[in-house]
Trainee: 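Just passing along the structure, written as structure tokens.
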2 protein chains.
Amino acid sequence: MPKPTFFNLSEEKKANLLKAIKKEFSRAPYNEALISNIVKSASIARGSFYQYFEDKEDAFLFLLDEHIENNKAYFIHSLQKFNGDLFLTYIEMFHYMIMKFENQEDRAFFKNAFLNMNHKVESRFTRKFNDKDIKHFLEIKDMVRKDNLTITDEQELFHVMRILTAVTIHNLVETCAKELTIEESLKIYTKEIHLLKKGLVQEEVISSNDTNIHIN
Amino acid sequence: MPKPTFFNLSEEKKANLLKAIKKEFSRAPYNEALISNIVKSASIARGSFYQYFEDKEDAFLFLLDEHIENNKAYFIHSLQKFNGDLFLTYIEMFHYMIMKFENQEDRAFFKNAFLNMNHKVESRFTRKFNDKDIKHFLEIKDMVRKDNLTITDEQELFHVMRILTAVTIHNLVETCAKELTIEESLKIYTKEIHLLKKGLVQEEVISSNDTNIHIN
DNA sequence: ATTCTATATGACAGGATGTCATAGGTCAAC
DNA sequence: GTTGACCTATGACATCCTGTCATATAGAAT
């Protein structure tokens, strides 16, 4: 988290600084981004940067969180719009995200962010399904339409969302890495969501550790 | 790739250097690992390191690739052992990987590697399913038992494997991040594989972009 | 005006990176 | 055994980056 000093800044100064930070994280991947460039670009003293942020990571994650908050709101909005249909919601979210890549100003930043998608970054994106921040899951779980899902309890819904999230992020990262067009990217993603819905095996005894289900 | 000079080294020198590299990448996450420490630990001149490797990443990825080659062989071996059953094979692989975390010597290294699992690193792990290195997929695809899968063509098999891989890696990373025990970790993973097999929605019209399938 | 508190500054110590000129070693050829 | 070509080893060095700190400045409160 940025230090209190940062939040005390005038809106103008804050905006100026954030602009410089975004510029630097757009210029180079996280590992190569430099605080030196940020302070140069924002025309502030080096020491000032450290009055506002702990370090490079602090600044990067703050910027990221701003976008993520926006996503979370959009997720809930979509879930309502689609009457709790999880799959339509995920596809809508996916679409929403890749549309952001079209914005020239955001493109480089997102590319650097997604190609640097490690556990720390990913867990920011998926906080809502993390048990550390379980309240986000609680917020969402009742909005999901469950009557058409195969889940037998709430815990399974949790896993369903984890799976959807894993596949979604994987596709988002790939879209960046391979610079896929919206069409290519959406086609692959919807195909995979479709496979997830119908299941990977058919008409057979499926057995797991603790359950035996016979579909027919 | 390491430079030719590295491969010309005597086995003894190579082993000594690799040991120092592994030690450093076990000591600290990738971003914090230092070439300075590697040369100190290997007792070689700083300049020598640069005779062998391009930079830090070069050394890291080489070390990683050594482990990954081993994985690939194990995957193929398992697929044969389980008569082409993809799911058993993935579960076996998952088990094989998390068992590695138990090895005290490897533990820290894998933890740092997995928590630094970004697209570049992941693509090393999953090369076998990448279209860039399609020959690995070709090698595997004929070994997979397909009669119990819902797939209609080879391309869908590709997506099935992508999905399984995404969920698998996601679970591996989480196992490291949360320091789960083998039992906890396997329980979650098999649960999710089970969900993938049976599908997420039930007895309903499932529609996607280009197909309509009625399950009954 | 004075004092107290918060903010801004940039010089600086410490330390890491990648390079390079130089030195050392090996080996085939003469 | 001398030569020379080629490969390998070295560590000093220029360059640059980070995080800190003593100091200066501004603003608010009394």
Side-chain angles (χ1 to χ4, degrees), chain A residues 1-64 109 112 116 118 120-121, chain B residues 1-64 109 112 116 118 120-121:
Chain A
M1 277 287 280
K3 300 179 180 176
T5 323
F6 174 75
F7 295 106
N8 292 341
L9 287 176
S10 70
E11 289 306 317
E12 198 188 335
K13 282 190 175 180
K14 255 189 288 192
N16 175 55
L17 181 48
L18 285 176
K19 191 175 161 191
I21 292 173
K22 183 165 183 183
K23 184 177 166 194
E24 179 61 5
F25 287 117
S26 302
R27 182 195 66 80
Y30 179 79
N31 285 333
E32 288 156 39
L34 301 174
I35 292 173
S36 296
N37 285 337
I38 294 173
V39 300
K40 223 176 292 168
S41 162
S43 303
I44 60 171
R46 180 169 192 76
S48 296
F49 177 89
Y50 289 95
Q51 300 268 30
Y52 309 139
F53 299 99
E54 287 295 335
D55 51 21
K56 183 167 78 164
E57 183 178 280
D58 195 25
F60 177 72
L61 291 181
F62 178 72
L63 199 55
L64 205 62
F109 174 72
N112 288 329
N116 180 47
N118 55 27
K120 198 166 213 157
V121 174
Chain B
M1 276 284 284
K3 299 180 181 176
T5 322
F6 174 75
F7 295 106
N8 291 340
L9 287 176
S10 69
E11 289 306 317
E12 198 189 335
K13 281 190 176 181
K14 254 189 289 193
N16 174 54
L17 181 47
L18 285 176
K19 190 176 160 191
I21 293 174
K22 183 164 183 182
K23 183 177 165 194
E24 180 59 5
F25 286 118
S26 300
R27 184 194 65 80
Y30 179 79
N31 286 334
E32 288 157 37
L34 301 176
I35 292 173
S36 295
N37 284 337
I38 293 173
V39 301
K40 223 175 292 167
S41 162
S43 303
I44 60 173
R46 179 166 192 80
S48 296
F49 178 88
Y50 288 96
Q51 299 269 27
Y52 310 138
F53 299 99
E54 287 296 335
D55 51 21
K56 183 168 80 165
E57 181 178 283
D58 196 24
F60 177 72
L61 291 181
F62 178 72
L63 200 55
L64 205 62
F109 174 72
N112 287 329
N116 179 48
N118 56 25
K120 198 166 216 160
V121 173

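Every chain is numbered from 1 and lettered A, B, ... according to where its sequence line falls, protein lines coming before strand lines.
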Trainee: Checking side-chain hydrogen bond (donor to acceptor under 3.5 Å, both in side chains) against A:N37, which of A:E32, A:K23, A:E24 comes through?
Mentor: A:E24
Trainee: Assign each of B:A45 and A:R46 to its nearest nucleotide of DNA chain D by heavy atoms, then name whichever residue's nucleotide is nearer the 5' end.
Mentor: B:A45
Trainee: Below 4.5 Å, heavy atoms only, C-beta onward: do B:Y50 and B:D58 meet side chain to side chain?
Mentor: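 Sidechains of B:D58 and B:Y50: no contact.
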Trainee: What contact category does A:F49 fall into here, base, sugar-phosphate, or nothing, at under 4.0 angstrom with non-hydrogen atoms?
Mentor: nothing
Trainee: Please walk me through it: do A:I35 and A:F53 pass side-chain contact (heavy atoms from CB on, under 4.5 Å)?
Mentor: CA-CA 11 Å; A:I35 292 173; A:F53 299 99; over 6 Å; no
Trainee: Please classify the nucleic acid contact of A:K13 as base, sugar-phosphate, or nothing, using heavy-atom distances under 4.0 Å.
Mentor: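 Counting heavy atoms under 4.0 Å across all strands, the contact made by A:K13 is with sugar-phosphate only.
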Trainee: Within the 4.0 Å heavy-atom criterion, would you say B:F53 contacts the bases, only the backbone, or no part of the nucleic acid?
Mentor: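 Answer is nothing: B:F53 stays at 4.0 Å or more from every strand.
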Trainee: Could you state the CG-P distance from A:N31 to C:dT17, rounded to the nearest angstrom?
Mentor: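 Computing the A:N31:CG to C:dT17:P distance gives 13 Å.
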Trainee: Measure the distance from NZ on A:K14 to P on C:dT7 and round it to the nearest whole Å.
Mentor: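 Computing the A:K14:NZ to C:dT7:P distance gives 12 Å.
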Trainee: By nearest heavy atom, map A:G47 and A:K40 onto DNA chain D; which one lands nearer the 5' end?
Mentor: A:K40
Trainee: Quick check for you: name the first and last nucleotides of DNA chain D, 5' to 3', having an atom under 4.0 Å from a heavy atom of chain B.
Mentor: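 Listed 5' to 3', the contact boundaries are D:dT8 to D:dG11.
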Trainee: Would you mind reading off the distance between A:Y50 atom OH and C:dA11 atom P, rounded to a whole angstrom?
Mentor: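 These atoms are roughly 16 Å apart.
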Trainee: Under a 4.5 Å cut-off applied to non-hydrogen side-chain atoms, are A:I38 and A:I44 in contact?
Mentor: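 A side-chain contact is absent here, since even the closest heavy-atom pair is not under 4.5 Å.
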Trainee: Closest heavy-atom contact between A:R46 and A:S36?
Mentor: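 Heavy-atom minimum between the residues: NH1-OG, 3.7 Å.
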Trainee: Among C:dT9, C:dG18, C:dA11, which is the nearest nucleotide to the side chain of A:Q51?
Mentor: C:dT9
Trainee: Can you tell me how far C1' of C:dA8 sits from NZ of A:K3, to the nearest Å?
Mentor: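 Computing the A:K3:NZ to C:dA8:C1' distance gives 13 Å.
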Trainee: Atom CZ of A:F6 and atom P of C:dA8: how far apart are they, to the nearest Å?
Mentor: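 Result: 12 Å.
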Trainee: Would you say a side-chain N or O of A:N8 is under 4.0 Å from OP1 or OP2 of C:dA6?
Mentor: no
Trainee: Is the number of heavy atoms from other residues, nucleotides or ligands under 6.0 Å of A:K3 NZ greater than 12?
Mentor: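 Atom NZ in A:K3 is crowded, with more than 12 foreign heavy atoms closer than 6.0 Å.
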Trainee: In terms of heavy-atom contacts, does NZ of A:K14 have more than 12 from other residues, nucleotides or ligands at under 6.0 Å?
Mentor: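 For A:K14, atom NZ is crowded (more than 12 foreign heavy atoms under 6.0 Å).
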Trainee: With sugar-phosphate meaning primed atoms plus P, OP1 and OP2, does A:T5 contact a base, only sugar-phosphate, or nothing at under 4.0 Å between heavy atoms?
Mentor: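 The residue A:T5 makes sugar-phosphate contact but no base contact.
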